[in-house]
Asks: 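Have a look at this one before I ask anything.
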Amino acid sequence: MKTSLMFVCGLVAAAPLAMGGEIGFEAAPGPDGMLGTPDDVPIVPPTTFASQTMQLTDEFASLGLMFTPAVNDKNEVLLGTSFSTPPAWTPPNLLASSGSATIEFMFTHDVFEVGAIIGISGGIDQMTAYDAGNSILGQVAGDDVFVFVNSGTTPIARVVIEPVGSTTPAIDNLTFEFAGGTPSCQPDLTTGAIPGVPGFGVPDGVLNNDDFFYYLFIFANNDLAADLTTGAIAGQPGYGVPNGIVNNDDFFYYLAIFSQGC
C-alpha cells in the first residue's frame, strides 16, 4: 500500500526565507493583481537580448515590486536555453541584463528578506540590498545557487544584482517576504517530482512525497540548492544556516523539517 504524506503548509522553525512571494518570470499578474491565478499574463520571451524589446517596469507592481525605468538590455526576461541553468531554476524563463549592466528592482511595501537563484549566466553574481537612504543592508555572492539577504528590522528598499568580473547577471526564483505576510513552508520545494515537467522545483503550498523525492534529486546532483544547514544538531550554531557545502548534514536536516510538517 502506498503511503501519501501531505501537510497544509504554515511556519517551520529555522526556515532561512519565509516567502511572501516568488516570481519565476513565466507570467505577470493579471487583472486580479495576484500571481498564480487563472488570469495570469504569460511572458513569452526570445532567447537573446537583441531580440528582446521589452524591459520590466511595473508588471509586478501589484506585488509591491517595481523595476527601474526601461533601459535597453537591462531587466529583460529571456528564455534560459542559452544559459547554464541549475536544476533548481524554474524553466523556461529567467531575468537578465546584458554584459556589465545590473539587474535592479525596488519594493513599495516593507520587505525584510529577499532571495534568488543568482549566477545563472555561468559566473558569479553579487546581490546587494539597500535601505531607503541607500545604505547597504546586506550583500551576498553566488554562482548557480539560491542566496538571500535578511535585513533584520530595516525594510529593504532597493536590490541590485551585478556581475563579478565579466559575466552577465541572470537570476530566477526571486523571492521576498512582506512584513506581516503569510509565512511559507521550508520543506515544500516542488509541485511535482519529474524533471522538465511544469511545476518542477516550484513550491505549491502542499508538502508531500514529491517534495521529498525532489530533495533527493537535487541532493544526489550535489546542487547547492540542497545546502540547508551547517550542522544537523538542532540548537547548535549553524543549524538551519547554509554553508556552501552539500553533505549528509543537509540530508538529515531536510528529513527533520520534512517530518515536522508545516
Asks: Specify the closest pair of heavy atoms between S151 and V111, including all atoms of both residues, with the distance to one decimal.
Replies: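 Closest approach of S151 to V111: OG-O, 4.1 Å.
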
Asks: Ignoring hydrogens, what is the shortest heavy-atom contact between P195 and F217? Give both atom names and the distance.
Replies: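 Heavy-atom minimum between the residues: CG-CE1, 3.8 Å.
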
Asks: Check whether any side-chain heavy atom of D172 lies under 4.5 Å from a side-chain heavy atom of I120, and answer yes or no.
Replies: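 In contact.
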
Asks: Which heavy atom of A96 sits nearest to which heavy atom of F83, and what is that distance?
Replies: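 So the two residues come closest at CB-CZ, 4.2 Å.
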
Asks: Side-chain contact test, heavy atoms from C-beta onward, threshold under 4.5 Å: evaluate it for T53 versus N72 and give yes or no.
Replies: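 T53 vs N72: side chains apart.
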
Asks: Say you draw a straight line from CG of N93 to OG1 of T47; how long is it, rounded to the nearest 0.5 Å?
Replies: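 One gets 11.5 Å once the value is rounded to the nearest 0.5 Å.
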
Asks: Using a distance-only test with no angle check, is there a side-chain donor-acceptor pair under 3.5 angstrom linking Q55 and N75?
Replies: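 The criterion, which ignores hydrogens and geometry beyond distance, is not satisfied for N75 and Q55.
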
Asks: So do L174 and F105 actually touch side chain to side chain, heavy atoms under 4.5 Å?
Replies: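 A side-chain contact under 4.5 Å exists here.
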
Asks: Side-chain contact test, heavy atoms from C-beta onward, threshold under 4.5 Å: evaluate it for Q139 versus Q126 and give yes or no.
Replies: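 Touching, per the 4.5 Å side-chain cut-off.
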
Asks: Just so I know, are the side chains of E26 and I43 near enough to count as touching, which here means a heavy-atom distance under 4.5 Å?
Replies: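 When only atoms from C-beta onward are counted, I43 and E26 do not touch, as no gap falls below 4.5 Å.
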
Asks: Taking all atoms of both residues into account, what is the closest heavy-atom pair of A225 and A88, and its distance?
Replies: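 Nearest heavy atoms, A225 then A88: CB-CB, 3.6 Å.
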
Asks: Go through the side-chain N and O atoms of K74 and T102 and say whether any donor and acceptor fall under 3.5 Å apart.
Replies: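 On atom types as modelled, these side chains qualify, holding a pair under 3.5 Å.
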
Asks: Which value, rounded to the nearest 0.5 Å, describes the distance between F200 atom CZ and D210 atom CG?
Replies: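 Reported value, rounded in 0.5 Å steps: 10.0 Å.
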
Asks: Show your reasoning for whether side chain to side chain contact (heavy atoms under 4.5 Å, CB included) applies to F252 and L255.
Replies: CA-CA 5 Å; F252 289 116; L255 283 181; 4.0 Å; yes

Asks: Step by step, work out the side chain to side chain donor-acceptor pair (under 3.5 Å) result for S51 and T48.
Replies: CA-CA 5 Å; S51 299; T48 65; 3.1 Å; yes

Asks: Are V159 and E104 side-chain neighbours, meaning at least one heavy-atom pair lies under 4.5 Å?
Replies: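 No, too far: nothing below the 4.5 Å cut-off.
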
Asks: Verify the ring-centre separation between Y239 and Y253: is it less than 6.0 angstrom?
Replies: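 Yes, the ring of Y253 comes within the 6.0 Å limit of the ring of Y239, centre to centre.
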
Asks: How long is the span from the CG atom in D143 to the CG atom in D125, to the nearest 0.5 Å?
Replies: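 The distance works out to 8.0 Å.
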
Asks: Nearest 0.5 angstrom please: N208 CG to Y214 OH, how far?
Replies: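 Reported to 0.5 Å precision, the distance equals 14.0 Å.
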
Asks: For residues I136 and Y130, determine if any side-chain heavy atom of one lies less than 4.5 Å from a side-chain heavy atom of the other.
Replies: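 Yes. Closest side-chain heavy atoms under 4.5 Å.
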
Asks: Does the side chain of D144 reach to within under 4.5 Å of the side chain of I117, using non-hydrogen atoms?
Replies: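 Result no, sub-4.5 Å side-chain heavy-atom pair not found.
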
Asks: For residues D250 and T229, report the shortest heavy-atom separation together with the two atoms involved.
Replies: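 That would be OD1-N, 2.9 Å.
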
Asks: Should M54 and F67 be counted in the same cluster of Ile, Leu, Val, Met, Phe, Trp and Tyr side chains packed under 4.5 Å apart?
Replies: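 Cluster IDs for M54 and F67 match.
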
Asks: Rounded at 0.5 Å granularity, tell me how far CG in L137 sits from CG in D131.
Replies: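 Nearest 0.5 Å value for the CG-CG distance: 4.5 Å.
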
Asks: Angle between ring planes, F219 versus F251, binned at 30° and 60°: parallel, tilted or perpendicular?
Replies: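 Tilted.
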
